[in-house]
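Note sheet for the following structure.
What you see is a predicted model, and the numbers here were worked out from it, not measured in a lab.
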Amino acid sequence: IGIIDVFIAPKAIRDVRYRDGTLEIDLVEGGTFLAYIEREVDKVLVNGKAHAFSVEEGLLSILLPKELRNPRITIIIKD
């Protein structure tokens, strides 16, 4: 979905890459990031550091500081 604090949520996404059970998402700015996810998440990193997240009914939510610029979210999927 993207950053839901902006008018067009997907516009906050600059790039998405998936490889070997790891999803990397480069964003333009911080805010509340939401994404649909079908597999179980092991952990989430923001700019390489562990970060809190929640998953409810397949909706992944990550709260990022709004002032954060160009964050990279790394989502590691459980095997």
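Going from atom OG of Ser61 over to atom CD1 of Ile37 covers 12.0 Å, rounded to the nearest 0.5 Å. Considering CG of Asp79 and CG of Asp20, their distance stands at 10.0 Å, rounded to 0.5 Å. Between the CD1 atom of Ile13 and the CG atom of Asp26 there is a distance of 10.0 Å, given to the nearest 0.5 Å. Atoms CD1 and OG1, on Ile3 and Thr32 in that order, are 7.0 Å from each other to the nearest 0.5 Å. The OH atom of Tyr36 lies 12.0 Å from the CG atom of Leu60; values are rounded to the nearest 0.5 Å.
Taking hydrophobic clusters as Ile, Leu, Val, Met, Phe, Trp and Tyr residues chained together by side-chain heavy-atom distances below 4.5 Å, Leu63 does not share a cluster with Val46. Ile25 and Ile77 end up in the same hydrophobic cluster when Ile, Leu, Val, Met, Phe, Trp and Tyr side chains are linked at under 4.5 Å. The hydrophobic cluster containing Ile62 also contains Val41, counting ILVMFWY residues as joined when their side-chain heavy atoms lie under 4.5 angstrom apart, directly or transitively. Residues Val16 and Tyr18 share a hydrophobic cluster, clusters being chains of Ile/Leu/Val/Met/Phe/Trp/Tyr side chains in contact below 4.5 Å. Leu27 and Leu68 fall within the same hydrophobic cluster, where Ile, Leu, Val, Met, Phe, Trp and Tyr residues are linked whenever their side-chain heavy atoms come under 4.5 Å apart, directly or through other members.
Residues Phe53 and Ile75 fail the side-chain proximity criterion, which asks for heavy atoms closer than 4.5 Å.
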Q: Would you check, one step at a time, whether the test side-chain contact (heavy atoms from CB on, under 4.5 Å) holds for Ile73 with His51?
A: CA-CA 9 Å; Ile73 296 174; His51 196 83; over 6 Å; no
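Minimum heavy-atom separation, Lys66 to Arg69: O-NH1, 3.1 Å. When all heavy atoms are compared, the tightest approach of Asn47 to Pro71 is OD1-CA, 3.5 Å.
With sequence neighbours excluded, no residue satisfies side chain to side chain contact (heavy atoms under 4.5 Å, CB included) with Phe7.
Judged as a salt bridge (Lys or Arg N to Asp or Glu O under 4.0 Å), the pairs with a partner in residues 33-58 (not counting sequence neighbours) are, in order, Glu40-Lys78. Pairs of residues two or more places apart, or lying in two chains, that qualify as salt bridge (Lys or Arg N to Asp or Glu O under 4.0 Å) and include a residue from residues 3-16 are Asp15-Arg17.
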